[in-house]
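Just the heavy atoms: all of them, side chains too, but no hydrogens, waters or symmetry mates, feed the values below.
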Amino acid sequence: MIIKEIRIKNFRSYYGDNNSFDFSDGLTIIIGDNGDGKTTFFEAIQWLLNTVIDRGSLEHVSEMRKSKMEPGETDEVSVYMKFDHDGEKSVEKSFSFEKLENGSFRVGKLSYRGYESDGIEREAVNGKALIERCYDAFIQRFSMFKGESELNVFDNAAALKDLVDKFSDIRKFDELVKITENFENKANSAYLKEMRSDKKVAERARTLDLAITRLSGEIATTKHDIRDKRNSIDTFAQRLTELEENQEASERYKDIKDRLKTQEDKRNRYIAQINTVNYNHALLDKMWILVAYTPILKAFQKKISAMSKTKRKMDKEFERTKAIEIGKLEAIKEMQGALINGAIELPWYLPDQQTMEDMINDHICKVCGREAPIGSEAYEFMVHKLEEYKRHAEAKLKKEASQKEIEEQELFPHKHIETLHNLSVQLSGMREAEVANYAQDIADRQGLVAKLQDELKRTNTKIQDIIDEKTRLLIQVGNISEAALEKEFSDIRGLYNQRERATNRLTELETQLKFQETQMASLKKELDALNPESSQVKVMRDVHNALEEIAKAFAQAKKENLTRFLSEMEEKANEYLVKLSAADFHGEIRLMQTADESTEIRLFSSNGTEIKRPSGSQKTVMYISVLFAISDFTQEKRDEDYPLIFDAATSSFGDSKEEDFYNVIDKIQKQCIIVTKDFIEKGKLNEAAIDGLTCSVYRIKKAPNFDQSNMATIRTLIEKIR
């Protein structure tokens with residue numbers, strides 16, 4: 001299937017009927033900036049190809065067209081596609097809409113028209129049947145992708161089964177496995193019947209037979225439950241698909257509501273963070289009032305240092321003066337006269353007072369032994385010496401008292417300067433640094449608050465934008481209330497929950513089945529190990545064992561074919577991975593089967609290390625490589641190719657990466673339609689990069705002079721560049 005042309009009329013921003021795209025067999029790029037109509041183009045194709053939708057919706061009607069209509073006037077929304085698929089064919093989906101006298105709108109019945117040519121005549125056919133025959137939902141599922149997040153088709157557990165059923169011979173083994181299992185069961189029954197008649201092993205065979213029969217019933221019940229659960233899951237999935245298609249507005253409403261809550265929660269967090277600190281309280285509680293303290297402390301320290309220096313100088317001078325005074329006291333001595341022969345007199349304290357008083361009382365000098373009667377020169381000398389002793393003793397006491405008085409004198413007796421100096425020291429160091437940081441704390445807080453206020457402003461803008469989006473949605477859906485939209489979504493969520501419960505129960509049943517099959521294998525092994533007397537029984541046992549091995553062989557062949565199928569797809573995917581990665585690192589794709597028999601796409605280095613966190617561009621190229629491989633399988637098995645359509649699939653690419661990517665895609669012989677905002681720099685096309693391509697290129701953009709607040713002024717213009 002090759003798409004040749006798409007025409008869009010009055011579908012959202014595609015106003016009027018002059019909106020057409022022609023497509024080549026290879027790559028076509030449709031370039032548009034944000035809001036220019038890229039996603040609308042993609043969704044128009046989705047709407048056309050969705051055969052489940054059975055009614056029109058005002059949400060798809062161009063706001064510009066509605067604004068230009070008069071009461072009673074009608075028009076239509078339509079999407080038309082011409083394509084080659086065993087001959088030229090076309091399909092068009094449309095519905096009419098009418099403006100009523102009260103200014104509201106009414107939609108008409110949905111029309112699905114198809115045409116195909118038998119080579120001579122153009123024949124009208126049912127458009128829905130035509131799409132289901134030429135481009136069914138299965139193919140669409142593996143060929144149309146909106147955004148990078150949808151590229152991993154194996155996120156859906158049923159994807160592998162669908163691919164196997166469509167493209168592999170594995171399903172043929174299902175019938176063979178069933179037939180051989182039936183033969184094996186019949187042979188086993190005949191074998192057991194004969195065993196009961198063999199006297200040697202009859203009793204044990206009967207016991208094992210009963211256990212096997214009971215366990216067979218349990219296994220059959222478990223398998224039946226597994227089939228029921230799988231059918232239920234498929235039913236839920238089908239019903240969910242229908243609801244999701246018919247309740248697009250409900251899903252959009254829920255998405256809007258979730259985004260609104262997210263932004264409101266963010267706003268509340270910003271407000272709470274902004275209000276964390278009360279500046280008035282922080283002045284004292286956090287001591288921010290000391291923010292100007294540092295220069296004051298410096299001046300205080302300088303003054304205390306000068307005062308301490310002056311005090312030390314004065315203390316030194318005072319101590320020197322005290323020393324002089326004390327020295328004077330120590331230097332004063334009683335002048336001593338010389339004796340007759342010039343010798344120095346004894347010190348004043350020799351002899352002592354008691355000895356001299358005794359000598360005077362006894363009238364004799366006990367030093368020289370001479371008598372000293374009263375009135376004699378010797379007696380007068382001793383009396384004079386005693387008086388001198390007393391004068392010296394008294395003077396000594398006075399001197400010691402004076403010296404003590406001098407020594408005890410202090411210039412600064414109250415230690416005030418020392419106290420101030422110690423305070424200066426205490427306020428320095430860690431405390432000074434802590435206070436100095438208050439200014440930085442305040443600046444940091446003010447910077448954070450300014451940043452939070454900017455974020456709050458942006459968040460409030462986003463909230464208003466989301467509220468406006470919700471308002472537009474409610475206008476588009478007409479008289480449907482928000483409560484009704486909530487209920488529709490709840491119905492969908494209920495089905496999701498039921499499907500999840502069924503999936504969990506299926507896992508439990510599959511675990512239970514494995515355990516039962518292990519028990520069955522053990523019982524059969526014991527039964528086969530019995531050694532009957534009858535040769536006939538032995539022959540039937542051998543037949544039973546042979547058929548059992550055949551059944552196992554077919555089951556194993558089915559498993560090996562699945563492995564081979566995945567290996568072939570993996571090989572094709574890696575061939576594309578090498579091409580699409582150009583000169584960049586790409587690794588190796590591996591398709592890994594999980595425990596629930598689904599498949600995961602993983603990326604490995606050639607040395608066997610899994611790349612658990614590939615970049616956005618690496619994942620995109622990896623997924624697209626798998627999609628190209630699936631497309632190749634489609635072509636091989638159905639002898640028909642299908643287009644790959646991507647909307648904004650390369651948003652994680654850098655400029656150089658995207659240019660290489662498009663150059664490679666341009667050379668691959670496969671129809672590929674990519675809607676992107678790549679090649680736009682500051683609102684202008686990167687013409688140099690576009691000139692390096694050979695594919696078809698379209699530029700879509702909003703018509704100029706639109707009102708940013710009025711959707712009715714938005715119209716997408718189409719320009720074919722090449």
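Shown here are the side-chain hydrogen bond (donor to acceptor under 3.5 Å, both in side chains) partners of Ser143, two or more places apart in sequence or in another chain: Tyr135. The salt bridge (Lys or Arg N to Asp or Glu O under 4.0 Å) check on Lys572 picks up Glu636, with sequence neighbours excluded. Take Lys266 and apply the salt bridge (Lys or Arg N to Asp or Glu O under 4.0 Å) test, not counting sequence neighbours, and it matches no residue. Glu508 meets the side chain to side chain contact (heavy atoms under 4.5 Å, CB included) test with Arg505; sequence neighbours excluded. Remark: Phe23 engages no residue in a ring pair (Phe, Tyr, Trp, His ring centres under 6.0 Å) (not counting sequence neighbours). In this view, Phe83 satisfies the ring pair (Phe, Tyr, Trp, His ring centres under 6.0 Å) rule with no residue, not counting sequence neighbours.
Between the side chains of Thr222 and Gln516, at least one donor-acceptor pair of N or O atoms lies under 3.5 Å. A donor-acceptor contact closer than 3.5 angstrom links the side chains of Asp678 and Tyr662. For Ser111 and Lys93, the side-chain atoms include no donor-acceptor pair closer than 3.5 Å.
Using a cutoff of 4.0 Å between basic side-chain nitrogens and carboxylate oxygens, Lys229 and Asp225 are not scored as salt-bridged. Between Glu526 and Arg204 there is a salt bridge, with a side-chain nitrogen of the basic residue lying less than 4.0 Å from a carboxylate oxygen of the acidic one. Between Lys4 and Asp25 there is a salt bridge, with a side-chain nitrogen of the basic residue lying less than 4.0 Å from a carboxylate oxygen of the acidic one. Salt bridge Asp265/Arg269: absent, no basic N to carboxylate O contact under 4.0 Å.
Proximity of a side-chain donor or acceptor of Gln671 to a complementary backbone N or O of Ile3 within less than 3.5 Å is detected. For Ser625 (side chain) and Leu577 (main-chain N/O), a donor-acceptor pair under 3.5 Å exists by modelled atom type. Distance alone, capped at 3.5 Å, is enough to place a donor-acceptor pair between the Asp136 side chain and the Ile139 backbone. A distance-only check finds no donor-acceptor pair linking the side chain of Ser522 to the backbone of Thr518 [under 3.5 Å]. The main-chain N or O of His85 is found under 3.5 Å from a side-chain atom of Lys89 such that the two form a donor-acceptor pair. No donor-acceptor pair closer than 3.5 Å links the side chain of Glu88 to the backbone N or O of Lys82. Counting only distance, with no hydrogens or angles, the side chain of Glu588 and the backbone of Phe604 share no donor-acceptor pair below 3.5 Å. The main-chain N or O of Ser605 is never found under 3.5 Å from a side-chain atom of Thr609 such that the two would form a donor-acceptor pair.
Between Trp47 and Phe95, the ring-plane angle classifies as perpendicular under the 30° and 60° cut-offs.
A cation-pi arrangement, defined by a distance under 6.0 Å to the six-membered ring centre and an angle within 45 degrees of its axis, is absent between Lys38 and Phe41.
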*Decide salt bridge (charged side-chain N to carboxylate O under 4.0 Å, His left out) for Lys146 and Glu43; before the verdict, give the C-alpha distance in whole Å, the side-chain angles of both, and the deciding distance to 0.1 Å.*
CA-CA 9 Å; Lys146 183 179 180 181; Glu43 291 177 348; 2.2 Å; yes
